[in-house]
Amino acid sequence: MADAEDIPERRIHPARATLRRLFRHRLFVSGFVLFGIVAIVAAAAPFITDVDPNRLSMRNKFLGPGGAWVFGTDSFGRSLWSRVVWGAQLSMLIGASVVVLNAVFGTLIGAAAGYFRRLDNVLMRVNDALMAFPAILLAIAVTSVLGPSTINVILALSIVYIPRTARIVRSSVIVLREMEYVQAAVAAGAGHWRILRHHILPNAVAPMIVQLSFLFAYAVLSEATLSFLGVGAVPPTPTWGNIMSEGRDFMREAPWIITIPGVALMITVMGLNLLGDGLRDVLDPRLRIQQ
């Protein structure tokens, strides 16, 4: 019996072939491992730490990493390990929520603009108006109006990034609607919804997946920025941003307070960017042709 590695790729199911190419791609595997570690830690937060991240212990403040205090303690004697782990969970929650909202509303807006030409000009002008503002400044403005909270951070980041997802989906739909198989479906009398659902959107998934992987990284980084500036999740809710914000006044006495969540944020964003690079290299047909 022939080994699975000897079977020509054309005889393997397309999804299986894509997964095999992904897990042969070094950037994707590196990003998958880094992000996977963070995601597992976030999901297992209740099991890997039994210390309340908000429990004060003034006798134990500014203890360095090691021993019973894995990452040390902060200015209120709170366990930095517990706060970083629970902060990872909140970062994953916000990133995933923003990605889901972008996948839904970005796809709807982009598909409508790309397929229905009468809607294109109106929807894209609104998109352009939102994209004219720097992303983080628009997010700060929205959260300042709505008030600091986790839900408002998710809404603000979704408002900021949905136009970018919509523009990418629109570009794919504009190209796909002119393809011969789509024109054949139109000639056969297929309805708009059927054409979008069966012929256009499935072929627009690849660039959207790549965009969403990078968007996850942007959302995590933006959430940390908003929390650092005081317009994100309300303290004492632990987030990497507000942990670093609290630690900036003690950089000389206790550098670990700002360093450790900063390293966690760096690992997460780097893992997601490597993951996105790998997805782009494998899923982008133009790059596959060049290879």
Side-chain angles (χ1 to χ4, degrees), residues 14-15 18 94-139 141-143 145-146 151-219 222 272 275-277 279-290:
T18 300
I94 290 175
S97 300
V98 172
V99 164
V100 169
L101 289 174
N102 268 263
V104 174
F105 292 102
T107 299
L108 289 175
I109 295 170
Y115 187 79
F116 300 104
R117 303 188 185 191
R118 292 182 179 179
L119 296 177
D120 189 20
N121 190 53
V122 175
L123 292 175
M124 286 303 102
R125 295 302 72 77
V126 175
N127 254 29
D128 292 342
L130 292 173
M131 292 179 66
F133 294 93
I136 193 62
L137 292 183
L138 181 57
V142 174
T143 50
V145 172
L146 298 178
I151 297 296
N152 291 344
V153 168
I154 293 172
L155 291 175
L157 295 179
S158 298
I159 291 171
V160 167
Y161 291 119
I162 281 175
R164 290 157 173 79
T165 305
R167 183 163 287 277
I168 288 177
V169 173
R170 169 186 174 269
S171 299
S172 299
V173 171
I174 286 176
V175 173
L176 292 168
R177 75 183 181 192
E178 304 300 333
M179 301 296 285
E180 291 183 359
Y181 64 88
V182 174
Q183 296 301 317
V186 172
H192 296 312
W193 170 242
R194 181 177 179 82
I195 291 172
L196 282 168
R197 186 178 59 179
H198 292 287
H199 301 291
I200 292 181
L201 291 181
N203 293 299
V205 165
M208 186 179 68
I209 290 175
V210 175
Q211 167 68 6
L212 293 178
S213 66
F214 289 117
L215 182 64
F216 203 130
Y218 301 153
S222 298
L272 284 164
L275 200 68
D277 286 339
L279 287 169
R280 182 195 58 202
D281 292 346
V282 172
L283 298 180
D284 192 329
R286 293 170 297 180
L287 294 178
R288 291 208 302 269
I289 291 172
Q290 291 173 3

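Position 1 is the first residue of the sequence; numbering continues from there.
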Roughly how far, to the nearest 0.5 Å, is CG of L196 from CG of L201?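 With rounding to 0.5 Å, CG (L201) is 5.5 Å from CG (L196).
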For the atom pair CD1 (I159) and CG (L138), what is the distance rounded to the nearest 0.5 Å?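 Spacing of CD1 (I159) from CG (L138) equals 7.5 Å.
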All side chain to side chain contact (heavy atoms under 4.5 Å, CB included) counterparts of [X], not counting sequence neighbours:
{"X": "V99", "answer": "L212, F216"}
{"X": "I151", "answer": "S149, L155"}
{"X": "L101", "answer": "F105, I154, S158"}

If you take all heavy atoms of [X] and [Y], which pair is closest and at what distance?
{"X": "L176", "Y": "V182", "result": "O-CG2, 3.2 Å"}
{"X": "I94", "Y": "L157", "result": "CG2-CD1, 4.2 Å"}
{"X": "A190", "Y": "I195", "result": "O-CD1, 3.6 Å"}
{"X": "L123", "Y": "A112", "result": "CD1-CB, 4.1 Å"}

According to side-chain hydrogen bond (donor to acceptor under 3.5 Å, both in side chains), who are the partners of N127, at least two apart in sequence or on a separate chain?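 In terms of side-chain hydrogen bond (donor to acceptor under 3.5 Å, both in side chains), with neighbours along the sequence ignored, N127 is linked to no residue.
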Any residue meeting ring-ring contact (aromatic ring centres under 6.0 Å, His included) with H192, in chain and number order, not counting sequence neighbours: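 Counting only residues at least two positions away or on another chain, H192 forms a ring-ring contact (aromatic ring centres under 6.0 Å, His included) with Y115, F116.
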Could you give all pairs that pass the side-chain hydrogen bond (donor to acceptor under 3.5 Å, both in side chains) test and reach residues 204-216, with sequence neighbours left out?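 Those involving residues 204-216 do not exist here.
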Pairs touching residues 174-184 that satisfy side-chain hydrogen bond (donor to acceptor under 3.5 Å, both in side chains), sequence neighbours left out: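 Sorted result for residues 174-184: R117-E178, Y181-N203.
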Could you go through residues 163-175 and list every donor-acceptor pair under 3.5 Å that involves a side-chain atom there, pairing it with any protein atom two or more places apart or in another chain?
from : atom 1 : to   : atom 2 : distance (Å)
R164 : NH1    : V160 : O      : 2.7
T165 : OG1    : N102 : OD1    : 2.9
T165 : OG1    : Y161 : O      : 3.4
R167 : NH2    : D128 : OD1    : 2.4
R170 : NE     : D120 : OD1    : 2.7
R170 : NH2    : D120 : OD2    : 3.1
S171 : OG     : R167 : O      : 3.0
S172 : OG     : I168 : O      : 3.3

Any pair counted as salt bridge (Lys or Arg N to Asp or Glu O under 4.0 Å), so long as it reaches residues 188-204, sequence neighbours left out: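 Output for this query is empty, none listed.
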Could I get the full list of salt bridge (charged side-chain N to carboxylate O under 4.0 Å, His left out) partners for R118, not counting sequence neighbours?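 Scan of R118 (salt bridge (charged side-chain N to carboxylate O under 4.0 Å, His left out), adjacent residues dropped) gives none.
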